[in-house]
Number of protein chains: 2
Amino acid sequence: MSKKVLVVDDEPSIVTLLQYNLEQAGFEVVTANDGEEGMQKAIREQPDLMILDLMLPKMDGMEVCKQLRQQKMMIPILMLTAKDDEFDKVLGLELGADDYMTKPFSPREVLARIKAILRRIQSSQPAHEEEERQTLRIGNLEILPDHYEVYFNGERLELTPKEFELLVYLAKHKGRVLTRDQLLSAVWNYDFAGDTRIVDVHISHLREKIEQNTKKPLYIKTIRGLGYKLEEPKGDD
Amino acid sequence: MSKKVLVVDDEPSIVTLLQYNLEQAGFEVVTANDGEEGMQKAIREQPDLMILDLMLPKMDGMEVCKQLRQQKMMIPILMLTAKDDEFDKVLGLELGADDYMTKPFSPREVLARIKAILRRIQSSQPAHEEEERQTLRIGNLEILPDHYEVYFNGERLELTPKEFELLVYLAKHKGRVLTRDQLLSAVWNYDFAGDTRIVDVHISHLREKIEQNTKKPLYIKTIRGLGYKLEEPKGDD
DNA sequence: CATCTTTTATCGAATATGGAGGAACATATG
DNA sequence: CATATGTTCCTCCATATTCGATAAAAGATG
């Protein structure tokens, strides 16, 4: 889900600055130090966006931009111009850059622009339309992932985000036993297989809300030594 | 039964943006990158409406417009002007454009204009528009997108443009959780490079007006870590 | 008695909000 | 017609507040 950004500049300090800030903001960053390398990486790495300095060794930014466009690479480009030169700006945009920015700039500014461009392009997956309307049903539970709502016997339950995501994940894998590690990596994004009982706590919270009256849990079963699973309640319903 | 729209612009990002949003709204989209291609496609594809940039390679928008009219092509045209240039606007309209719009614009704005034009053109045909013509109702809220009016318990509310647009978008996706980015990309101009948190401010202003007396918001709910959603107020009414 | 559940307290992060600055627009004035 | 003046609205920022995540500890269960 994280976007890949290619930074092309010959000034190491600029590259470092951008790389650091972009990574902080959750982007994946690839760098290049001259125009030729920039071209190659633009093609090979297929980044979601490119930050391109105008003045570059071997091949300047304008040329890179032009050649990429000729090759029908429609990757969004944020052009960096060293001075406030109207002429260059206009030229850059005509060559197909999506935005420009004059040095010096603040990290905040760069991030804002990048987000604006990505937003504008909207390359974010418009394909998910079928998944949108779905309703997950388990017993008397009704889960609407889009609406962030859960109903139990038609009554709305108030769940915290973690509880909600945990439940959705369990529901999407109804009947299957899921280990704590699986749940951790799916809901928490923890990569390690550490020993943590956080899952237990949230399972407990969930049960509090969806197992209203019962003594033994009907929905979320504990599989001792393994993990948990959500299943269709036995008996009548 | 979907309408066909021809988008003529030389800026790839604008074309992409419009195409995406129009397709989302159920239009069929054809694109062209310069004036000549635009002319050809206007004739060959017989679109129901044309979005035409003023500044174009090979043949500018004004010229395209003029030639089409001379050929008795009465296709509705929505003109895009890069800068706020009164002269161009007037000229464009005199040449037979049906409406104009200055860049930058917000996606919602374009859609509204397009629908307005189409409605105006074929006011004879009773359309089955589910979207624009109806009034949106949520609880005691009544929203008339066309009239730019909102009523709460029958009383007219004074909303600023941003507040209004935001509310309409929320209302059209009633119940759905919308992230700040989604709201930004729908309601704000495509080149807005500011802070995502601006959404919070306008939400706050909206709540001030539509959540009159209540402690907890009834209409606009905050989904922590995600965004906001507008929903039917709980309880009865 | 080991495992699972519940409770409690604390910390940190996300959100709400008031106010300042400034741009855009409208109206008044020369 | 161009320049003032005023107003509205948008955006940003700083501060206050709310709320959830988590660790630790106490309690329950088989």
**Request:** Considering just the side-chain nitrogens and oxygens of B:Trp188, establish if one lies under 4.0 Å of OP1 or OP2 belonging to D:dC10.
**Result:** no
**Asked** Roughly how far, to the nearest 0.5 Å, is CG of B:Leu206 from NZ of B:Lys162?
**Response** 12.0 Å
**Message:** Check this one for me: any side-chain N or O of A:Thr160 less than 4.0 Å away from OP1 or OP2 of D:dA21?
**Reply:** yes
**Request:** Please tell me which of the listed nucleotides, C:dT15, D:dC19, C:dT7, lies nearest to the side chain of B:Lys216?
**Result:** D:dC19
**Message:** Starting the side chain at C-beta, find the nucleotide from C:dG18, C:dT15, D:dG20 nearest to B:Arg180.
**Reply:** C:dT15
**Request:** Could you check how far NZ of A:Lys221 sits from P of C:dT3, rounded to whole Å?
**Result:** 22 Å
**Asked** How long is the gap from NZ on A:Lys4 to CG on A:Leu22, to the nearest 0.5 Å?
**Response** 14.0 Å
**Message:** Measure CD/A:Glu211 against P/C:dT6 and give the value in whole Å, please.
**Reply:** 10 Å
**Message:** Check this for me, if you would: do B:Asp53 and B:Lys103 make a salt bridge, where the nitrogen-to-carboxylate-oxygen distance has to be below 4.0 angstrom?
**Reply:** yes
**Request:** Looking only at side-chain atoms of A:Ser204, point me to the closest of C:dA16, C:dG18, C:dT6.
**Result:** C:dT6
**Item:** A:Gln24 CD - C:dA13 C1' separation (whole Å)
**Value:** 16 Å
**Prompt:** Choosing from D:dT22, C:dA16, C:dC4, which nucleotide comes nearest the side chain of A:Lys162?
**Reply:** D:dT22
**B:Arg197 side chain near D:dT11 phosphate (N/O to OP1/OP2, under 4.0 Å)** = no
**Asked** Has B:Tyr228 got a side-chain N or O lying under 4.0 Å from the OP1 or OP2 atom of C:dA16?
**Response** yes
**Asked** Closest to the A:His205 side chain: D:dC9, C:dA16, D:dT22?
**Response** D:dT22
**Message:** Using a strict threshold of under 4.0 Å (side-chain N to carboxylate O), is an ion pair present between B:Lys221 and A:Glu149?
**Reply:** no
**Message:** Can you measure B:Ile223 atom CD1 to C:dA14 atom C1' for me and round it to whole angstrom units?
**Reply:** 13 Å
**Message:** Quick check on DNA chain D: between B:Leu159 and B:Ala193, whose nearest nucleotide comes earlier from the 5' end?
**Reply:** B:Leu159
**Request:** Using atom CD of B:Glu163 as one end and atom P of D:dT8 as the other, report the distance to the nearest whole Å.
**Result:** 13 Å
**Complete:** B:Ile198 atom CD1 is separated from C:dT17 atom P, nearest whole Å, by 15 Å
**Message:** If you compare every side-chain N and O of B:His202 against the phosphate oxygens of D:dT11 (OP1, OP2), does one of them come in below 4.0 Å?
**Reply:** yes
**Request:** Measure up the A:His202 and A:His205 rings against each other and bin them: parallel (under 30°), tilted (30 to 60°), perpendicular (over 60°).
**Result:** perpendicular
**Prompt:** Ignoring hydrogens and angles, are the base of D:dT18 and the side chain of B:Arg224 linked by a donor-acceptor pair under 3.5 Å?
**Reply:** yes
